[in-house]
Amino acid sequence: MNIRSIRDIEVDKKRILVRVDFNVPLGEGSGVITDDSRIRATLPTIQYLISQGAKVILCSHLGRPDGKVVEGLRLAIVAHRLSEMLKQPVVATRDCVGPDVEKAIGKMRNGAVLLLENIRFHPEEEENDATFAQALARLADIYINDAFGTTHRAHASIVGVTKYLPAVAGMLTEKELKALGSILEKPAHPFGVLLGGAKISDKVGMLENIMGKVDYLLIGGGMAATFLKAYSHEVGLSLIEVDMLDTAVRLMEKAVRNGVRLLLPIDVVVTDKPSPEAKVIKTVSIQSISPHLRIADIGSQTTRNFQEELRQCKSVFWNGPMGIYEMPQFAGGTQAMARFLADLDATTIIGGGSTAEVINKLGLTDKMTFVSTGGGASLTFLSGKKLPGVEVLLKR
Ligand code: 3PG
Ligand code: MG
């Protein structure tokens, strides 16, 4: 990709505004970061800038505060975690624009790091407001996008600001584009795609775009229920997307036309209630799902089938858990697939979001070829759609 890069510019002694994606998962009501890999992933860029004597001004959103200050979504805890990783202080400001922020930046020494407050406390961020983008631009000499996970959003700190500052990609954004781009351009064959997660609607674009390249397509997770239903199977109380039934049929036909081997579950774990109070938890064949139960995971036979197919692959892309992985009773399929892929002798690329969280939690990140930090962004990219935050970094 013909993109302007951090390597192409002089950063020495300059004020650099680095948009990062520190939208990390927080434990329920606790203000504790449960997965810090999005912070860790930006360290190469930040450490490089420090080593070059730049003034590093970081900017991110956290959650969806909807244009208001939400105390539980302040970025101070992220600044704290980052300073532990960098082993140097990280100043957290109480806002992201304005005189107090400008004063704090004025005091920065070369090699210092500062984190602006949650940019989504201002409604102008998501509106891509020009005046707000200019207020941000005033803080720095150069803009770097290292927030790959947010490049699908045309917001002020992703798109608007690049009108007013020289704009280049950071090391994470570059690495993501390269890794995900390799799936689209030249995947090693056989190429397998393992898909899960709740909804087909999130993944149709990607499925359409890669159908001509993939050899094996394995579908588990909540979205499998809609495919099974499209085949007229009883799926009980499982959530299905009624308006996606036709799409599911169309995708299965397209797979056949393209010679793609498409596998659905043949057995599933069902339950009366996907909660710790569940009274029924059992594995059944997909022919015998009771109308009173719902699918919560893939079954062990399905897990073995999926592994059997993937064992032949030279490259695998995985996005979306196989079941309700947040609850140990229904995490079996997801964890088994994660461990299997970690040991597979193939290029393994993991889509971001919850799949990345699972891999990180199991400590398997280093055993995969690449784990994306982008959920929606990686799916948008793999759909072949343009990422607004990347478009503004292209060399013209
Ligand atoms: C993500 O987590 O997908 C990114 O940080 C973007 O967040 P958003 O979906 O709230 O725009
Ligand atoms: Mg998202």
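Counting convention: from 1, in listed order, for ligands and their atoms alike. It should be emphasised that the depicted structure is a prediction, and the values quoted were computed from it without experimental measurement. If you read the sequence from its start, that first residue is 1, and numbering goes on from there.
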Any atoms of ligand 1 less than 4.0 Å from a non-hydrogen atom of [X]? List them with their elements.
X	answer
R64	8 (P), 9 (O), 10 (O)
N23	1 (C), 2 (O), 4 (C), 5 (O), 7 (O)
R153	8 (P), 9 (O), 11 (O)
D21	4 (C), 5 (O)

If we check side-chain contact (heavy atoms from CB on, under 4.5 Å) with T173, which of these qualifies: D146, T42, I144? D146

Exactly one of L62, I33, L115 clears side-chain contact (heavy atoms from CB on, under 4.5 Å) with F22, and that residue is L115

E126 and ligand 1 - part of the residue with a heavy-atom distance under 4.0 Å: neither

Any idea which heavy atoms bring L116 and V101 closest together, and the distance?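 Residues L116 and V101, closest heavy atoms: CD2-CG1, 3.5 Å.
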
Contact between ligand 1 and R120 is defined here as a heavy atom of the residue under 4.0 Å from a ligand atom; is it met?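 True for this residue.
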
Are any of the side-chain nitrogens in D36 or R40 under 4.0 Å away from the carboxylate oxygens of its partner?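 Judged by the 4.0 Å cut-off on N to carboxylate O distance, D36 and R40 do form a salt bridge.
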
Filtering S378, S60, G149, G375 for the heavy atom nearest atom 4 (C) of ligand 1 leaves G149

Can you find an N or O of H155 that's nearer than 3.5 Å to an N or O of ligand 1? no

Does atom CD of E10 have more than 12 heavy-atom neighbours from other groups under 6.0 Å away? no

What I want to check is whether the side chains of T131 and E124 have a donor and an acceptor closer together than 3.5 Å.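 No pair is found: no donor N or O on one side chain lies under 3.5 Å from an acceptor on the other.
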
